[in-house]
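Written below as structure tokens is the structure these notes are about.
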Amino acid sequence: MKLSDKATLIILFVLMLIFFYAGQATNSEDITSWKLLVEFSSVLTSFATIGMLFVAYKALDSWKKQIHGQLIQDSALELEEKLTKYVMACGDEANKLKNNPELLLYKDIINLCFRLRRRGFNAEVIISIEEALNATVEALRETSSIPEDLIGNLFDALTRLSKSF
């Protein structure tokens, strides 16, 4: 039997006892027992109100975390998509590298890395992506080509990103 089932049974049992006592108290000519029941129910209502406040706070907090997590996941997926396009463009022949618009994605990738780091995503993965990306951009600027080892580093960073979420 699950914990929630046990809690439900306990609540039902307590409610049955309260209603039984209420039925006995209303049949009694003694008004003090009825007053006791009214006071007990008002105290119980106060505790229920505080409990509902706690549940509402937890629900709001859970909702905020869910939205935050969804934003991180969406940004990480967008980063993965753009980084994949960039890595594939890096593998092109040297004469195609100069005119390939996919290589301009590095600006978007840097922005996404900054956004993810700010939101608390895996910093180690983001740093490895930034370092590998900066190395490929520098190599492309200096030699108009990208060495295979730098493409491999970038692909490894992409793989770590894909495995991190």
What are the two closest heavy atoms between Leu112 and Ser75, and how far apart are they? CD2-O, 4.1 Å

Should Leu161 and Ser164 count as side-chain neighbours, where that means a heavy-atom distance under 4.5 Å? yes

Once side-chain hydrogen bond (donor to acceptor under 3.5 Å, both in side chains) is applied, what residue pairs with a partner in residues 125-136 remain, sequence neighbours excluded? Tyr86-Thr136, Arg117-Glu130, Ser128-Arg160

Are Arg141 and Val137 close enough, and set up right, to give a side-chain contact (heavy atoms from CB on, under 4.5 Å), and what steps lead you there? CA-CA 6 Å; Arg141 284 184 183 152; Val137 170; 3.6 Å; yes

For the CG atom of Leu79 and the CD1 atom of Ile110, what is their distance to the nearest 0.5 Å? 9.5 Å

Out of curiosity, Leu116 CG to Glu78 CD, how far, rounded to the nearest 0.5 Å? 9.0 Å

Within a strict 4.5 Å, meaning less than it, do heavy atoms of the Arg115 and Asn111 side chains meet? no

With sequence neighbours excluded, tell me which residues meet side-chain hydrogen bond (donor to acceptor under 3.5 Å, both in side chains) with Thr84. none

Between Asn100 and Ala89 the two heavy atoms that sit nearest each other are ND2-CB, 3.3 Å

Any idea which heavy atoms bring Leu133 and Leu154 closest together, and the distance? N-CD1, 3.8 Å

Share the residues that join Phe47 in a hydrophobic cluster, the rule being Ile, Leu, Val, Met, Phe, Trp or Tyr side chains under 4.5 Å apart at the heavy-atom level. Val43

Taking every heavy atom of Ile151 against every heavy atom of Cys90, the minimum-distance pair comes out as CD1-O, 3.3 Å

Lys82 versus Leu105, closest heavy-atom pair with distance: O-CD1, 3.7 Å

Find out if a path of hydrophobic residues (ILVMFWY) with successive side-chain heavy-atom gaps under 4.5 Å connects Ile72 to Leu77. yes

Side chain to side chain, Leu83 and Glu80, heavy atoms closer than 4.5 Å: no

For Ile18, side-chain contact (heavy atoms from CB on, under 4.5 Å) partners two or more places apart: Val14, Leu37, Phe40, Leu44

For residues 54-64, run the donor-acceptor check on the side chains, cut-off 3.5 Å, and write out each pair with its distance to 0.1 Å, sequence neighbours left out.
none

Let me confirm one number: the CZ-OG distance from Phe155 to Ser162, rounded to the nearest 0.5 Å. 8.0 Å

With clusters built from Ile, Leu, Val, Met, Phe, Trp and Tyr whose side-chain heavy atoms come within less than 4.5 Å, directly or transitively, what are the remaining members of the cluster of Ile50, listed by chain and number? none

How about Ile129 and Leu158: do any of their side-chain heavy atoms sit closer than 4.5 Å? no

